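Working notes, beginning with the structure itself.
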Amino acid sequence: MPDDQHRVTVDDDVEFPVPAPGEVWTVGAVVLDRAGRAFAQRRGPRRRLFPDCWDIVGGHVEPGESLPDALAREIEEETGWRLRRVRRLLGVTTWTGDDGAGPRHEADYLVEVHGDPGRPALEWPKHTAYRWFGPDDLPVLKENRAPGEYLVHDLVAKALREHSPGAG
């Protein structure tokens with residue numbers, strides 16, 4: 001059965017907020033490879049929000065969709081990988097883009113996936129490149145971002161810090 005083959009494990013202490021009516025939510029996933037590096041993809045230069053910036057996997061929660069379902073859908077749409085495990089909630093933030101759509105709430109997770117880490121199926125031209133980031137590569141995640149707009153950098157740094165050997 002397909003559902004048995006793609007069962008998603010959610011660690012016990014992971015929380016998923018429930019959107020209130022009228023709220024706009026997004027989800028994000030920090031995916032780590034076996035070497036402990038984090039995946040990021042560069043948004044295309046013609047994207048309305050955050051053009052030509054590095055981003056984690058994720059996107060908008062559709063009306064009536066749960067956050068876990070949105071997380072799984074976005075991972076598969078943007079990379080071709082399948083969500084296997086949700087390890088931890090990295091944080092919930094609220095931000096407003098420059099597109100006039102108002103505030104968005106974002107829940108970001110550290111996840112594990114099924115699939116070949118060397119062959120993500122990027123959504124061209126939405127995303128034009130990908131890279132695996134270790135601690136020494138973090139400054140690259142600030143490219144084309146204004147000071148104070150380092151959400152992706154900060155999420156990846158947190159995931160790497162918490163995943164490193166000896167982290168509690």
Side-chain angles (χ1 to χ4, degrees), residues 3 6-32 38-114 120-128 130 133 138 141-163:
D3 289 338
H6 302 291
R7 192 169 303 256
V8 175
T9 302
V10 178
D11 288 10
D12 289 338
D13 56 346
V14 175
E15 295 179 25
F16 290 96
V18 177
E23 287 182 334
V24 177
W25 278 79
T26 62
V27 291
V30 176
V31 178
L32 300 180
F39 178 82
Q41 52 194 355
R42 185 179 282 284
R43 293 172 66 86
R46 293 195 170 112
R47 298 288 300 269
R48 183 172 183 137
L49 285 173
F50 315 115
D52 209 27
C53 294
W54 288 100
D55 200 3
I56 58 174
V57 177
H60 285 88
V61 177
E62 301 294 334
E65 187 177 41
S66 70
L67 270 65
D69 288 345
L71 191 64
R73 177 183 52 77
E74 288 290 348
I75 290 168
E76 190 164 358
E77 285 178 0
E78 292 188 3
T79 65
W81 301 327
R82 296 193 69 120
L83 180 60
R84 177 177 64 196
R85 178 180 173 199
V86 182
R87 296 181 54 188
R88 89 177 28 103
L89 173 64
L90 293 170
V92 176
T93 57
T94 300
W95 55 273
T96 301
D98 60 1
D99 60 355
R104 294 169 177 86
H105 306 280
E106 180 169 336
D108 296 298
Y109 297 89
L110 177 62
V111 304
E112 294 176 7
V113 297
H114 290 289
L122 298 185
E123 286 184 292
W124 300 92
K126 286 183 178 181
H127 299 100
T128 58
Y130 74 91
F133 290 83
L138 290 174
L141 295 172
K142 294 180 179 179
E143 288 179 355
N144 300 324
R145 303 300 311 157
E149 294 182 344
Y150 297 150
L151 176 62
V152 171
H153 168 276
D154 295 348
L155 287 167
V156 169
K158 182 177 183 178
L160 293 176
R161 202 171 40 248
E162 291 181 4
H163 183 70

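Numbers for residues simply follow the sequence, beginning at 1. Just so it is clear, the structure is predicted and the values come from calculations on it, not from any experiment.
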Distance check, rounded to the nearest 0.5 Å: [X] atom [atom1] versus [Y] atom [atom2]?
X      : Y      : atom1 : atom2 : result
Thr79  : Leu122 : OG1   : CG    : 8.5 Å
Ile56  : Leu155 : CD1   : CG    : 5.0 Å
Glu74  : Glu62  : CD    : CD    : 7.5 Å
Leu67  : His105 : CG    : NE2   : 11.0 Å
Tyr109 : Leu90  : OH    : CG    : 9.5 Å
Phe16  : Leu89  : CZ    : CG    : 8.0 Å

With a 4.5 Å limit on heavy-atom distance, are the side chains of [X] and [Y] in contact?
X      : Y      : value
Trp54  : Glu143 : yes
Val61  : Thr26  : no
Val113 : Ile75  : yes
Pro45  : Thr128 : yes
Asp69  : Ser66  : yes
Glu78  : Gln41  : yes
Leu32  : Val30  : yes
Val27  : Glu65  : no

- [ ] Take Leu160 and Leu138 through the side-chain contact (heavy atoms from CB on, under 4.5 Å) test and state the conclusion after the steps.
- [x] CA-CA 10 Å; Leu160 293 176; Leu138 290 174; 4.0 Å; yes
Run the salt-bridge test on [X] and [Y] with the 4.0 Å N-O cut-off and return the result as yes or no.
X      : Y      : answer
Arg88  : Asp12  : no
Lys142 : Glu149 : no
Asp55  : Arg43  : yes

Quick check against the 3.5 Å criterion: does [X] have a side-chain atom that pairs as donor or acceptor with the backbone of [Y]?
X      : Y      : result
Glu23  : Ala20  : yes
Glu106 : Val92  : no
Asp99  : Ala101 : yes

Open item on the list: For a quick check under 3.5 Å, do His163 and Arg87 share a side-chain donor-acceptor pair by atom type?
Closed with: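 Their side chains do contain a donor-acceptor pair, which is all the 3.5 Å distance test asks for.
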TODO: May I have the step-by-step check of ring-ring contact (aromatic ring centres under 6.0 Å, His included) for Trp81 and Phe39, ending in yes or no?
DONE: CA-CA 12 Å; Trp81 301 327; Phe39 178 82; 4.9 Å; yes
Open item on the list: Does Glu15, at its CD atom, have more than 12 non-hydrogen atoms belonging to other residues, nucleotides or ligands within less than 6.0 Å?
Closed with: no
TODO: Begin from the C-alpha positions of Tyr130 and Arg42 and carry the test side-chain contact (heavy atoms from CB on, under 4.5 Å) through to its verdict.
DONE: CA-CA 6 Å; Tyr130 74 91; Arg42 185 179 282 284; over 6 Å; no
TODO: Can you sort out the partners of Lys126 under salt bridge (charged side-chain N to carboxylate O under 4.0 Å, His left out), two or more places apart, ordered by chain and number?
DONE: Glu123
- [ ] List the steps and the verdict of side-chain contact (heavy atoms from CB on, under 4.5 Å) for Thr93 and Leu151.
- [x] CA-CA 9 Å; Thr93 57; Leu151 176 62; 3.9 Å; yes
Which atoms form the tightest heavy-atom contact between [X] and [Y], and what is the distance?
X      : Y     : value
Val111 : Ala29 : CG2-CB, 3.8 Å
Leu141 : Ala40 : CD2-CB, 4.0 Å
Asp108 : Gly28 : OD1-CA, 3.2 Å

Open item on the list: Just to verify, what does Thr9 make a side chain to side chain donor-acceptor pair (under 3.5 Å) with, not counting sequence neighbours?
Closed with: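 With sequence neighbours excluded, Thr9 shows a side chain to side chain donor-acceptor pair (under 3.5 Å) to no residue whatsoever.
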- [ ] In sequence, state the C-alpha distance, the side-chain angles, and the governing distance for Arg84 and Arg7, and then conclude on side-chain contact (heavy atoms from CB on, under 4.5 Å).
- [x] CA-CA 7 Å; Arg84 177 177 64 196; Arg7 192 169 303 256; over 6 Å; no
Open item on the list: In this structure, is the centre-to-centre distance between the rings of Phe50 and Trp95 below 6.0 Å?
Closed with: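 Yes: the rings meet the under 6.0 Å criterion.
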